[in-house]
Amino acid sequence: MKSFYITTAIDYANGRPHLGHAYEKVLTDVVARFRRLMGDEVYFLTGLDEHGQKVQQSAEARGIEPIELCDEAAENFIGLCAKLNVSNDDYIRTTEDRHKEVVQAILQKLYDQGDIYKADYHGYYSRRAEQFLQEKDRDENGEWPVIFGEVEEITESNYFFKLSQHQDWLVEHLETNETFIFPRFRTKQVLEFLKEPINDLCISRPKERLEWGISLPFDENYVTYVWFDALVNYVSAIGYGMDEFEDRWPVDFHVIGKDILVPPHAVYWPIMLKAAGIALPKSLLVHGWWLISGAKMSKSTGTVIDPLDLVDLYGSDAFRYFVTREMNVGQDSEFSEERYLARYNSDLANDLGNLLSRVLTMLNRGLGGVIPSPEVEEELETELWKLWDATREETLELYNGFQFHIGLEKAFHFIGSINRYAEQRAPWKLAKSEDEKDIKLLNTTLFVMSEALRLAVGLVEPVMPETNEKVYGLLGYESDAEWKTRLVRGTDIAGNKVGEKTILFPKPQNHS
RNA sequence: GCCAGGGUAGCUCAGUGGUAGAGCAGGAGACUCAUAAGCUCUUGGUCGGCAGUUCAAAUCUGCCCCUUGGCACCA
């Protein structure tokens with residue numbers, strides 16, 4: 001069976017992990033975990049883009065070798081994945097031999113086919129910035145900004161990849177494959193871009209200007225630049241050229257930010273693949289950005305908080321929950337500590353965490369910590385189970401369409417209903433009664449609350465794997481049944497010994 | 001300028017033709033198993049504006065305004 005193959009964009013080594021990196025990892029991980037739970041064999045790739053001018057310059061500035069800088073970055077970014085509980089199966093670094101070999105093999109193939117040619121590139125070059133400038137770099141008076149220093153017109157030989165001849169089929173592919181890009185409206189932006197003729201793509205840099213890269217296999221005086229290096233990670237990591245490649249490619253989803261859709265992933269990459277005789281990706285999943293308006297000061301500390309610090313403060317599940325609950329995939333969203341705390345306190349601590357606390361306390365206090373068997377089913381129970389069945393179906397459908405924010409809303413609405421059910425049954429009152437009927441109701445109520453809680457944390461497992469595991473453990477629940485089976489109400493947990501009362505999401509102290 | 005997304009209650013957002021919704025925040029109450037948590041009730045909106053289509057429009061059409069992005073060898 002072919003794997004469900006999903007990737008994130010690879011991060012650029014010249015920088016530190018930030019919210020954007022973290023979000024993309026979490027989103028991709030949520031999809032990956034969801035597919036695994038749905039029964040797919042998932043292969044999840046992420047990695048690091050390590051070549052290029054900025055890395056070379058930063059390393060020089062610090063007096064270290066580029067690879068040392070990359071090793072550092074790799075440690076940081078791999079650390080981020082671990083911290084976020086990201087379940088990637090592999091981590092590709094573009095300085096690895098397995099990657100370089102594939103890049104060179106593909107370049108050689110395209111060169112042999114005549115898809116790559118050498119030509120002069122003429123343009124305005126800034127020595128200070130060590131880059132060619134574009135018309136849009138000019139200021140409003142049509143002058144070059146002073147930061148570029150002296151700008152000279154020069155001519156440089158470089159290698160180019162033929163793009164223009166591929167325009168027609170790409171347009172047709174975009175028009176006929178509605179699921180190629182999610183959300184769909186992004187397709188229009190690509191088509192808009194393709195209305196104008198596209199120029200061939202410059203894919204090399206002379207080594208005098210850029211040394212830190214992969215050498216062109218057919219000309220040792222050049223390295224390849226950006227796209228033929230970075231994009232190729234998606235195939236190099238899964239063994240392009242080897243048998244195993246066929247088990248994974250074509251990729252099911254490239255998860256990317258909206259900034260790198262046009263032109264790299266929607267134009268260059270499909271054309272590169274087609275030219276190399278490789279199948280096209282099935283889909284691109286394009287997410288929006290987190291907007292951090294101004295640099296809001298925290299009221300309590302007077303400092304600006306790094307969103308990633310919130311992972312350390314409140315745990316990875318809380319962070320994963322927040323970004324998944326707040327972001328409508330494809331749109332932009334606002335990030336603030338206030339909103340984070342509102343979600344944390346209200347949804348996680350008050351609704352979910354507190355529910356677990358009260359269930360465990362009641363079980364440990366009156367019933368020796370053992371989940372009783374249900375003994376009656378009246379309208380209150382029937383209603384709750386009906387809601388569960390609807391919630392499960394709706395939420396899975398929403399997850400399937402990447403509507404995680406609404407799916408989580410439904411799931412937490414169900415959690416709210418468990419709290420409501422508890423108030424209606426008031427087991428703390430029933431516990432004071434000697435009446436046979438009340439005892440049956442008490443047993444039923446505590447069972448129903450426990451079972452409903454088990455089901456609810458199961459439903460949010462792709463987003464909050466740690467919480468799921470903890471709550472399962474505390475309810476004494478173990479199962480190797482597949483997900484959809486675990487999400488069906490049963491009585492397996494009756495008779496289980498539960499854990500001590502546990503605060504899942506402790507409230508921060510010094511906040512109003 | 002062109003293209004696209006968004007503009008619905010104080011805040012964040014659901015809602016694609018049929019009497020305006022949720023969560024949070026605000027107000028009131030009863031309860032007490034629980035992380036001063038949970039529950040019930042409640043305040044609050046001319047659905048960006050103006051026109052049009054329709055028996056009926058947040059929802060369809062047109063124009064305008066605000067906002068966020070994109071606009072080729074830049075990542």
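Just so we're on the same page: letters track the sequence lines, and every chain starts at 1. Note that the structure is a prediction, hence the values are computed from the model and not measured.
Atom-to-atom, CZ of F185(A) to P of G6(B) comes out at 7 Å; the value is rounded to the nearest Å. One interatomic measurement links the two molecules: CG of L352(A) to C1' of G38(B), which rounds to 13 Å at whole-angstrom precision. Spacing between atom CG of D347(A) and atom P of A37(B) amounts to 14 Å, rounded to whole angstrom units. Between the NE2 atom of H265(A) and the P atom of G70(B) there is a distance of 17 Å, given to the nearest Å. The separation between E338(A) atom CD and C24(B) atom P is 18 Å, rounded to whole Å. Across the protein-nucleic acid pair, R358(A) atom CZ and G38(B) atom C1' stand 4 Å apart, rounded to whole Å.
Closest to the side chain of E423(A), from the set C74(B), A72(B), C33(B), is C33(B). Minimum atom distance to the side chain of N328(A) is reached by A14(B), of the listed A4(B), A14(B), A75(B). Of all nucleotides listed (C33(B), A14(B), G5(B)), A14(B) comes nearest to the side chain of I406(A). The side chain of T361(A) approaches A34(B) more closely than any other nucleotide in the set G38(B), A4(B), A34(B). Taking every side-chain heavy atom of R339(A) into account, C11(B) is the closest of C33(B), C11(B), A4(B).
In this structure, D351(A) reaches the sugar-phosphate backbone alone: every heavy-atom distance under 4.0 Å involves primed, P, OP1 or OP2 atoms, never a base. Within the 4.0 angstrom heavy-atom criterion, no nucleotide atom of any strand lies near V267(A). As judged by a 4.0 angstrom heavy-atom cut-off over every strand, F505(A) is placed among the base-contacting residues. Using a 4.0 Å heavy-atom distance criterion, L201(A) is classed as making no nucleic acid contact. Contact annotation for S357(A): base contact, defined as any heavy-atom pair under 4.0 Å involving a base atom. L261(A) comes within contact range of no nucleotide atom at all, as no heavy-atom separation falls under 4.0 Å. Residue-level contact check: E326(A) touches the backbone only, with heavy atoms under 4.0 Å from sugar-phosphate atoms and none from bases. When heavy atoms are screened at a 4.0 angstrom cut-off, R205(A) is found touching the sugar-phosphate backbone but no base atom. Within 4.0 Å of N199(A), counting heavy atoms only, lies at least one base atom of the nucleic acid. Contacts of E192(A) with the nucleic acid, taken as non-hydrogen atoms under 4.0 Å apart, involve only primed sugar atoms and P, OP1 or OP2. Here K258(A) lies in heavy-atom contact (under 4.0 Å) with sugar-phosphate atoms only.
Here the OG1-CD distance, from T445(A) to E378(A), works out to 9.0 Å after rounding to the nearest 0.5 Å. Atom-to-atom distance recorded for I214(A):CD1 and D229(A):CG is 4.0 Å, nearest 0.5 angstrom. Within the model, atoms CZ of F160(A) and NZ of K118(A) stand 11.0 Å from one another, a figure rounded to the nearest 0.5 Å.
C41(B) and C24(B): their P atoms are spaced 13 Å apart (whole Å). Going from the P atom of C60(B) to that of G15(B) covers 13 Å, rounded to whole Å. Taking the P atoms as reference points, G38(B) lies 12 Å from G23(B), given to the whole Å. The same atom, P, is picked in U67(B) and in G62(B); the two are 23 Å apart, to the nearest Å. Here the separation of U19(B) from G6(B), taken at their P atoms, is 24 Å to the nearest Å. When the C1' atom is used for both A34(B) and C39(B), the distance is 13 Å, rounded to whole Å. Separation of the C1' atoms belonging to C47(B) and G7(B) is 10 Å when rounded to the nearest angstrom. Distance noted for atom P between A9(B) and A20(B): 15 Å (whole Å).
The pair K470(A)-D317(A) does not count as a salt bridge, with every side-chain nitrogen at least 4.0 angstrom from each carboxylate oxygen. Checked for salt-bridge contact, E500(A) and R365(A) miss the test: no charged N lies under 4.0 Å from a carboxylate O.
R209(A) pairs in a side-chain hydrogen bond (donor to acceptor under 3.5 Å, both in side chains) with only one of the listed residues (E156(A), Q53(A), Q56(A)), which is E156(A). Of the options K440(A), R425(A), K386(A), a salt bridge (charged side-chain N to carboxylate O under 4.0 Å, His left out) to E381(A) is made by R425(A) and by none of the others.
Judged by closest nucleotide on RNA chain B, W428(A) is the one of F193(A) and W428(A) placed further toward the 5' end. Closest-nucleotide positions on RNA chain B for R420(A) and K429(A) were compared, and the one nearer the 5' end corresponds to K429(A).
When both pairing distances are held under 3.5 Å, A51(B) makes a Watson-Crick or G-U pair with U61(B). Pairing of C74(B), defined by two Watson-Crick or G-U wobble distances under 3.5 Å, is not identified with any nucleotide. Searching all strands for a Watson-Crick or G-U wobble partner of A9(B) with both distances below 3.5 Å returns nothing. Remark: A28(B) base-pairs with U40(B). Criterion, Watson-Crick or G-U wobble with two distances under 3.5 Å. With a cut-off of 3.5 Å on both Watson-Crick or G-U wobble distances, the partner of A20(B) is given as none. The partner of G69(B), taking Watson-Crick or G-U wobble pairs whose two distances both stay under 3.5 Å, is C3(B).
Relative to the six-membered ring of Y225(A), R205(A) meets both conditions, a distance below 6.0 Å and an angle of at most 45° to the axis.
Between the side chain of Q331(A) and the base of G6(B) there is no donor-acceptor pair of N/O atoms closer than 3.5 Å. Taking only distance into account, the side chain of N354(A) meets the base of A34(B) through a donor-acceptor pair shorter than 3.5 Å.
Between K54(A) and the phosphate of A75(B), there is no side-chain N or O to OP1/OP2 separation shorter than 4.0 Å. Y268(A) has no side-chain polar atom (N or O) that falls below the 4.0 Å cut-off from OP1 or OP2 of A72(B). An OP1 or OP2 oxygen of C33(B) is reached within less than 4.0 angstrom by no side-chain nitrogen or oxygen of N364(A). Look at H405(A) and you won't find any side-chain N or O under 4.0 angstrom from OP1 or OP2 of C13(B). Checking the phosphate oxygens (OP1, OP2) of A34(B), a side-chain nitrogen or oxygen of R365(A) falls inside 4.0 Å.
The aromatic rings of Y159(A) and Y222(A) stand perpendicular to each other, their planes meeting at an angle above 60°, with 30° marking the opposite boundary.
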